[in-house]
Novice: 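Pasting in a structure now, in structure tokens, and then I'll have a few things to ask.
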Amino acid sequence: QVQLVESGGGLVQPGGSLRLSCAASGVNYSINAMGWYRQVPGKQREFVAVISGGGNPNYATSVKGRFTISRGDAENTVNLQMDSLKPEDTAVYYCNLRGYSLHGPRYDDYWGQGTQVTVSS
């Protein structure tokens, strides 16, 4: 079974930085994208950033220019460097892995448990 574990969350002042990391285990997909979503109470989970199996990143407009997503040195790991943090970035951040089938246009989504990021003075 696929499992994802996030780390690196915490409390930071506005304008500060945090680096989130995610490691996936039990992954049998040869092609996968990994990304980050965030959620606050009472709202739907929101897309933040994703990086494809080929290393192509995409970002939500709200974080473009401030956040950087990258794959880690180990397989099936991903990082999110968050700079110039704002109070509105406060949320639980979830790691996502989307595994693609080699035999057709099918994929599966997997999620981590989440890590809290709080931006406050």
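Values reported hereafter were calculated over all heavy atoms of this structure, with side chains retained and with hydrogens, waters and symmetry mates removed.
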Novice: Is the Tyr93 ring parallel, tilted or perpendicular to the Phe67 ring (thresholds 30°, 60°)?
Specialist: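 Tilted: the ring planes of Tyr93 and Phe67 meet at 30° to 60°.
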Novice: State whether Tyr37 and Arg45 meet the cation-pi test: NZ (Lys) or CZ (Arg) under 6.0 Å from the six-membered ring centroid, and within 45° of the perpendicular axis.
Specialist: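 No.
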Novice: State, yes or no, whether a side-chain contact exists between Glu6 and Ser21 at a heavy-atom distance under 4.5 Å.
Specialist: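 Result no, sub-4.5 Å side-chain heavy-atom pair not found.
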Novice: Does the side chain of Asn56 reach to within under 4.5 Å of the side chain of Ile51, using non-hydrogen atoms?
Specialist: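 They are not in side-chain contact.
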Novice: Within the structure provided, determine whether Val63 and Arg38 are in side-chain contact (heavy-atom separation under 4.5 Å).
Specialist: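 With C-beta onward as the side chain, the pair touches.
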Novice: Take atom CD in Glu75; do more than 12 heavy atoms of anything else shown fall under 6.0 Å from it?
Specialist: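 Atom CD in Glu75 is not crowded, with 12 or fewer foreign heavy atoms closer than 6.0 Å.
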Novice: Tell me, do Leu102 and Ser30 make a side-chain contact under 4.5 Å, heavy atoms counted?
Specialist: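 Side chain of Leu102 against side chain of Ser30, heavy atoms only: contact under 4.5 Å found.
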Novice: Please tell me if the side chains of Tyr107 and Ser101 come closer than 4.5 Å, counting only heavy atoms from C-beta onward.
Specialist: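 Of all side-chain heavy-atom pairs linking Ser101 with Tyr107, none is under 4.5 Å.
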Novice: State plainly whether the residues Arg66 and Asp83 are in salt-bridge range, i.e. N to O under 4.0 Å.
Specialist: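 Answer for the salt bridge query: no.
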Novice: Measure the shortest side-chain to side-chain distance between Thr90 and Val40 over non-hydrogen atoms and say whether it is less than 4.5 angstrom.
Specialist: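 No, every pair of side-chain atoms sits at 4.5 Å or beyond.
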Novice: We want to know whether Asn79 and Arg19 form a side-chain donor-acceptor pair, criterion being a heavy-atom distance below 3.5 angstrom.
Specialist: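 Yes, Arg19 and Asn79 have a side-chain donor paired with an acceptor closer than 3.5 Å.
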Novice: Ile69 versus Val78: any side-chain heavy-atom pair under 4.5 Å?
Specialist: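 Counting from C-beta outward, Ile69 and Val78 do come under 4.5 Å.
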Novice: Please tabulate, one pair per line, all N/O donor-acceptor pairs under 3.5 Å involving side-chain atoms of residues 113-121, not counting sequence neighbours.
Specialist:
from, atom 1, to, atom 2, distance (Å)
Thr115, OG1, Gly9, N, 3.3
Gln116, OE1, Thr118, OG1, 3.3

Novice: Any side-chain donor-acceptor pair under 3.5 Å between Tyr29 and Asp108?
Specialist: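 Per modelled atom types, Tyr29 and Asp108 side chains form a pair under 3.5 Å.
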Novice: Output the distance between atom OH (Tyr94) and atom SG (Cys22), rounded to the nearest 0.5 Å.
Specialist: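 Going from the OH atom of Tyr94 to the SG atom of Cys22 covers 13.0 Å.
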Novice: Do Ser52 and Met34 make a side-chain contact, defined as non-hydrogen atoms from C-beta onward lying under 4.5 Å apart?
Specialist: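 A side-chain contact under 4.5 Å is absent here.
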